[in-house]
Amino acid sequence: MSATNSFHQAISPLPRAFFQRDSRELAVHLLGKVIRHYHQGHWLSARIIETEAYLREEKGSHASLGLTPSRRALFMDAGTLYMYYARGGDSLNISAAGEGDGVLIKSGYPVVDDISGPDSLALMQELNPAASGQVRPTTKLCNGQTLLCRSLHLKVPVWNAQVPDPDLLVIDDDGYRPHQIIQTTRLGIPLGRDEHLPYRFVDSAYAPWCTRNPLGRTRQEGRDYQLIDNVSEWKAC
């Protein structure tokens, strides 16, 4: 998969109304969109390739634990950014239509285009080197929620409970649309906290580069995952 994007020439930020939908549907429709953060004179960009939806009433949701100052963003208007620390790193979420509902941006894939050139990709690699100190491969630069935020330089103190800013941070529609989406269970949900719910969504074209490939050798369609082909008309059951 190439990081080069040929889909558009100008940034097209998503309107606030885009986020005003069920978190599961939002999780599906965010796939393929591009997060762009302006940092050090460059637009750092990554395509959203993996999301997880959360509903307030289910036990895997942060909002199920109640409204607190740190979780207030989930209870704010749809399209509000909710950021928190996950395993010591920053993590990006977006509130949805239901109070307390939201979508975790689980993984991305770097984008190089007219807006975010090779210098932008180089800066992302500088911000997020491999553990050895060497350059992290493009395919592994954003494959996880904390790696994504590190590569885009998105920080909890700056962006939690904020909304995207057209001058600094946008979620961009560049015209790309996934042809097929994989629906499966979320990752890292403790036993007894609704770990069975199939609220993880992956663009199948990018499956090898998400947090964990849902199409592994031992996994079977119908048992471990479902395929969504008619993406534009998909609705949460």
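Just so you know, residue 1 is the first one in the sequence shown, and it goes up from there.
A cation-pi contact, defined as under 6.0 Å to the ring centre and within 45° of the axis, is absent between Arg24 and Phe201. The side-chain tip of Arg71 does not point at the ring of Phe75 from less than 6.0 angstrom away and within 45° of straight on.
Within 6.0 Å of atom NZ in Lys140, 12 or fewer heavy atoms from other residues, nucleotides or ligands are found, so the atom counts as exposed in its surroundings.
Judged purely by distance below 3.5 Å, without hydrogens or angles, the side chains of Gln145 and Ser107 never pair a donor atom with an acceptor atom. Counted by atom type alone, Arg136 and Ser151 present zero donor-acceptor pairs between their side chains at under 3.5 Å. No donor-acceptor contact under 3.5 angstrom links the side chains of Tyr206 and Asn213, judged on distance only.
Shortest non-hydrogen contact noted between Ser120 and Leu44 is O-CD2, 3.6 Å. Between Phe19 and Ser95, the shortest heavy-atom contact is CB-O, 4.2 Å. The minimum heavy-atom distance linking His153 with His37 is given by the pair O-CE1, 3.0 Å. Leu148 and Ala46 get closest at one heavy-atom pair: CD1-CB, 3.8 Å. When every heavy atom of Arg72 is checked against every heavy atom of Ala161, the shortest pair comes out as NH2-CB, 3.5 Å. The minimum heavy-atom distance linking Arg16 with Thr80 is given by the pair NH2-OG1, 4.0 Å.
Taken from SG in Cys210 to CD1 in Ile182, the straight-line distance is 7.0 Å, to the nearest 0.5 Å. The CG atom of Leu169 lies 8.5 Å from the CG atom of Leu152; values are rounded to the nearest 0.5 Å. The CG atom of Asp90 lies 10.0 Å from the CG atom of Asn160; values are rounded to the nearest 0.5 Å. The distance from atom CD1 of Ile189 to atom CG of Leu191, rounded to the nearest 0.5 Å, is 10.5 Å. Atom OG in Ser204 sits 10.0 Å away from atom OH in Tyr225 (nearest 0.5 Å). In this structure, the separation between CG on Leu147 and CG on Asn143 is 6.0 Å, given to the nearest 0.5 Å.
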_side-chain contact (heavy atoms from CB on, under 4.5 Å), that's the test. Do Leu92 and Ile35 meet it? Break it down for me._
CA-CA 11 Å; Leu92 175 66; Ile35 304 173; 3.9 Å; yes

*Give the C-alpha distance, both sets of side-chain angles, the deciding distance and a yes or no for side-chain contact (heavy atoms from CB on, under 4.5 Å) between Val163 and Leu81.*
CA-CA 6 Å; Val163 295; Leu81 305 178; 6.0 Å; no

*In sequence, state the C-alpha distance, the side-chain angles, and the governing distance for Trp159 and Tyr82, and then conclude on ring-ring contact (aromatic ring centres under 6.0 Å, His included).*
CA-CA 8 Å; Trp159 289 107; Tyr82 167 50; over 10 Å; no

*After noting the C-alpha distance and the side-chain angles of Tyr84 and Asn93, does the key distance pass the side-chain contact (heavy atoms from CB on, under 4.5 Å) rule?*
CA-CA 8 Å; Tyr84 65 90; Asn93 305 253; 3.0 Å; yes

*Is there a side-chain contact (heavy atoms from CB on, under 4.5 Å) between Asp172 and Leu14 once you walk through the steps?*
CA-CA 6 Å; Asp172 181 21; Leu14 295 177; over 6 Å; no

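Checked by atom type and distance alone, the side chain of Asp224 pairs as donor or acceptor with a backbone atom of Gln220 at under 3.5 Å. Between the Glu58 side chain and the Leu55 main chain, a donor and an acceptor come within less than 3.5 Å of each other. Listed for the Ser116 side chain is a donor-acceptor partner under 3.5 Å among the backbone atoms of Trp43. Looking at Glu50, its side chain never comes within 3.5 Å of a backbone N or O of Asp203 through a donor-acceptor pair. The backbone N or O of Arg56 lies less than 3.5 Å from a partner atom in the side chain of Asp101, making a donor-acceptor pair. Without hydrogens or angle criteria, Asp194 side chain to Leu197 main chain gives no donor-acceptor distance under 3.5 Å. Looking at Gln226, its side chain never comes within 3.5 Å of a backbone N or O of Glu221 through a donor-acceptor pair.
Evaluated for a side-chain hydrogen bond (donor to acceptor under 3.5 Å, both in side chains) with Asp174, the options Arg36, Arg47, Lys33 yield exactly one hit, Arg47.
Met83 and Ile94 fall within the same hydrophobic cluster, where Ile, Leu, Val, Met, Phe, Trp and Tyr residues are linked whenever their side-chain heavy atoms come under 4.5 Å apart, directly or through other members. Grouping the Ile, Leu, Val, Met, Phe, Trp and Tyr side chains by contacts below 4.5 angstrom, directly or via other members, places Tyr85 with Leu154. Ile49 and Leu227 fall into different hydrophobic clusters, defined by Ile, Leu, Val, Met, Phe, Trp and Tyr side-chain heavy atoms under 4.5 Å apart, directly or through other members. Trp209 and Val202 end up in different hydrophobic clusters when Ile, Leu, Val, Met, Phe, Trp and Tyr side chains are linked at under 4.5 Å. Leu127 and Val156 fall within a single hydrophobic cluster, where Ile, Leu, Val, Met, Phe, Trp and Tyr side chains are chained together by heavy-atom contacts under 4.5 Å.
Between Arg186 and Glu195 no salt bridge is recorded (no basic side-chain N to carboxylate O distance below 4.0 Å).
Considering only heavy atoms from C-beta on, Pro110 stays 4.5 Å or farther from Val112 through its side chain. With contacts defined as side-chain heavy-atom distances shorter than 4.5 Å, the pair Gln183/Pro214 does not qualify. Proximity of Lys106 to Leu187: side-chain heavy atoms (C-beta onward) are separated by under 4.5 Å at one or more points.
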